[in-house]
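To start, the structure itself, in structure tokens.
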Amino acid sequence: MIEQTLKQTFGFDSLRGGQQQVIDTVMSGHSCAAIFPTGAGKSLCYQLPALHLPHLTLVISPLLALMKDQLSFLHDKGIAAASIDSSQDRQQTQQVMADARSGQLKILMISVERLKNERFRQFISQVPISLLVVDEAHCISEWGHNFRPDYLKIPHYQQTLNIPQTLLLTATATSDVISDMQNKFAISSDNTVVTGFYRNNLDLSIIPSEQQDKLNQLNQTIQASPLSPTIVYVTLQHTAEYLAEQLQQTGISALAYHAGLESQNREYIQQQFMTGEINCIVATIAFGMGVDKSDIRRVIHFDLPKSIENYAQEIGRAGRDGQHSQCILLGNKDGLNTLNNFVYGDTPDRESIEYVVKEIYQHSPMWEVQLIRFSKDSNIRQLPLKTLLVYLELEGVITPKYSYFSDYRFKFITQKQQIIDKFEGERRLFVESIFTCSPQARTWCQIDFDALWQGFHAERQRVVKAIDYFNEQGWIELESKQITDVYQVTDITRSQSEVIDKLDLLFKNKEKAETVRLTEMIGFFESDTCLSHRLAHYFSDHNAPQACGHCSACRGIIASLPQQVNPPIDLSQLIPWIEEFENAGSKSLTHEALTRMLCGITTPLSTKLKAKKMGGFARLEQYPFSEVLKMVQEVRKS
Ligand code: ADP
Ligand code: MG
């Protein structure tokens with residue numbers, strides 16, 4: 001049966017390594033984890049079973065672009081699949097929901113954020129689901145390279161939605177991440193399928209390179225075979241622009257690709273690369289997801305990747321056709337501070353954690369929060385703030401209840417009076433009062449809930465229900481903004497300081513783990529043993545050859561990445577920089593806050609104080625964070 005579907009529906013002759021075992025496991029009713037390298041065919045592991053399972057397959061995917069790629073593939077094969085996402089209008093979403101309800105739909109793709117929406121949860125809880133798929137499942141692990149706090153809640157959703165089995169898909173899972181995935185979804189090691197990570201057609205070279213020599217080296221490398229399809233990875237958008245221009249001047253058809261470009265433009269560039277109109281893309285990490293070009297002959301890292309996982313993913317795009325391909329890193333340690341600073345910028349000050357915990361304890365038993373505003377008030381970036389709240393959830397201190405939009409605005413599609421005329425008696429008065437309390441600007445009417453309550457004792461919930469209904473009927477177009485999350489404060493029996501200590505420690509550990517990961521990455525590049533072997537081993541493939549014979553280490557070239565030496569700093573220089581920041585903020589700013597400013601790390605606070613315009617901002621970005629922190633402590637002591 002599976003065989004037949006494979007041929008008839010998908011048009012494939014046979015299953016690839018790993019696919020058979022995963023599909024068998026899923027079909028026998030067990031949860032399963034598939035860890036295959038990029039391009040190995042993970043999607044088929046859910047797409048095929050989905051056609052044979054009795055109910056819906058629900059796929060959680062972290063990126064809209066990934067969803068769209070998989071959907072267009074499925075539609076090509078005539079499979080009933082759809083997504084609910086932010087790019088759709090109301091009608092499209094309702095059609096998808098109707099198809100899911102009627103059982104017509106086989107595959108539904110959503111982002112994890114969709115599950116925070118109470119209305120969606122209500123809808124989906126009424127649809128029987130056979131299988132929950134988590135694509136890019138390493139996002140659930142704090143030890144993964146792409147941790148998404150909301151992913152920590154997926155096991156909970158699985159239980160409450162009564163989904164009998166899960167399939168986790170990822171390309172990059174270290175042993176820590178694998179055991180995390182197994183624990184969270186009760187997957188046995190027998191049902192964890194790891195295919196070989198090792199690729200015998202990829203030639204890995206680490207070339208030590210001073211910053212000022214890199215452009216030359218890049219040119220030489222590319223000129224060696226100017227027509228080979230090549231991706232050059234860089235960290236910053238402007239580097240992408242600059243390099244593409246430089247390469248063009250030497251006659252290479254190169255274009256820049258990054259998130260700062262219009263999406264139409266991006267698609268065009270990607271298309272040009274796919275069809276071979278251009279040979280070289282200079283890209284930030286924005287490029288690659290869903291790029292299905294099999295004959296990429298070269299991946300060059302002009303800057304350090306963000307992690308070993310990123311490196312693996314990026315070089316993994318080379319040589320999908322199995323032909324010999326080169327992966328070259330032009331390396332030095334100059335960019336290491338920048339990478340470390342990303343990490344330090346995400347660690348909240350203890351003061352900030354205190355602020356959050358106090359707020360929550362004060363607002364027991366119900367606490368409402370608007371993330372963007374609270375991020376500013378607490379001086380914690382949004383992502384770590386989300387992480388912090390998930391930690392507090394997992395500690396049992398708070399429990400999410402629901403979210404609502406604090407601001408609603410709408411415009412009329414049907415005339416106001418016609419809507420009112422559809423109702424009688426008390427309801428008619430109620431509808432009239434809503435419109436009375438929604439002053440109209442040019443086209444949009446903003447609902448004033450306070451006025452509705454004070455003037456008409458109309459409860460917020462009833463109003464929201466009503467306008468939702470008008471919207472569903474197509475009488476108005478409704479927009480909602482400023483999401484507010486409501487939490488129940490479930491446990492304040494523990495002392496605040498105990499909770500604060502615990503959170504502080506969690507973040508410190510996280511910071512430590514992330515900086516260690518960066519050190520490990522450098523250690524990997526400077527390895528004196530086979531790079532292919534070490535890389536495969538890192539990703540739990542223990543069958544790679546001890547010495548591949550096609551990496552720089554095997555060729556006897558052990559890379560030592562150069563590091564620029566920073567001149568010593570006269571501490572008195574720091575005084576005016578520190579004072580300017582203190583004067584704008586307060587004397588009680590933490591040492592860390594000052595250090596971040598000097599290292600050029602932005603936080604909500606530094607944005608508020610307009611730190612970027614200050615004399616000291618980013619002045620010491622070449623220096624390691626820990627060194628700058630010591631300097632700051634020294635200066636403030638005296
Ligand atoms: P991954 O998610 O592991 O990176 P995909 O699921 O996107 O990989 O699959 C990569 C490509 O391989 C797709 O074009 C897919 O259609 C193709 N593919 C998957 N399985 C098979 C198979 N058994 N036979 C032939 N092609 C396959
Ligand atoms: Mg995939």
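Order of listing sets the numbers, starting from 1, for every ligand and every atom in it. As the structure is a computational prediction, the values presented were derived from the model and not from experiment.
Under the 6.0 Å distance and 45° angle rule, K7 does not count as a cation-pi partner of F12.
Counting protein heavy atoms only, atom 20 (N) of ligand 1 is closest to Q19 NE2, 2.9 Å. Of all protein heavy atoms, the one lying nearest to atom 22 (C) of ligand 1 is F12 CD1, 3.5 Å. Residue, atom and distance of the protein heavy atom nearest to atom 10 (C) of ligand 1 are G39 O, 3.6 Å. In this structure, the protein non-hydrogen atom closest to atom 7 (O) of ligand 1 is S43 OG, 3.9 Å. Closest to atom 9 (O) of ligand 1 among all protein heavy atoms lies G41 CA, 3.4 Å. What sits closest to atom 14 (O) of ligand 1 on the protein, heavy atoms only, is D292 OD2, 3.1 Å. The nearest heavy-atom contact from the protein to atom 26 (N) of ligand 1 is R16 NH2, 3.3 Å.
Distances below 4.0 Å separate heavy atoms of P37 from the following atoms of ligand 1: 3 (O). With ligand atoms numbered from 1 in the order given, ligand 1 contributes 22 (C), 23 (N), 24 (N) to contacts under 4.0 Å with heavy atoms of S14.
Between E393 and K386 there is no salt bridge, since none of the side-chain N atoms of the basic residue sits less than 4.0 Å from a carboxylate O of the acidic one. A salt bridge links K293 with D295: the closest approach of a Lys/Arg side-chain nitrogen to an acidic carboxylate oxygen falls below 4.0 angstrom.
In this structure the side chain of Q19 never reaches within 4.5 angstrom of the side chain of T195, judged on heavy atoms.
The closest approach between a heavy atom of C45 and any atom of ligand 1 is not below 4.0 Å.
Between the side chains of S188 and Q182, not a single donor N or O lies within less than 3.5 Å of an accepting N or O.
In this structure, the ring of F525 has its center less than 6.0 angstrom from the ring center of Y311.
Contact annotation for Q70 and ligand 1: no heavy atom of the residue comes within less than 4.0 Å of the ligand. Neither the backbone nor the side chain of A171 has a heavy atom within less than 4.0 Å of ligand 1. Counting heavy atoms under 4.0 Å from ligand 1, residue F73 touches it through the side chain alone.
Ring planes of F273 and F287: perpendicular class, angle over 60° (limits at 30 and 60°).
Judged by distance alone, with hydrogens and angles left aside, the side-chain atoms of E511 form no donor-acceptor pair with the main-chain N or O of V343 at under 3.5 Å.
Under the side chain to side chain donor-acceptor pair (under 3.5 Å) rule, D203 has a single partner from R555, H550, Q326, which is R555.
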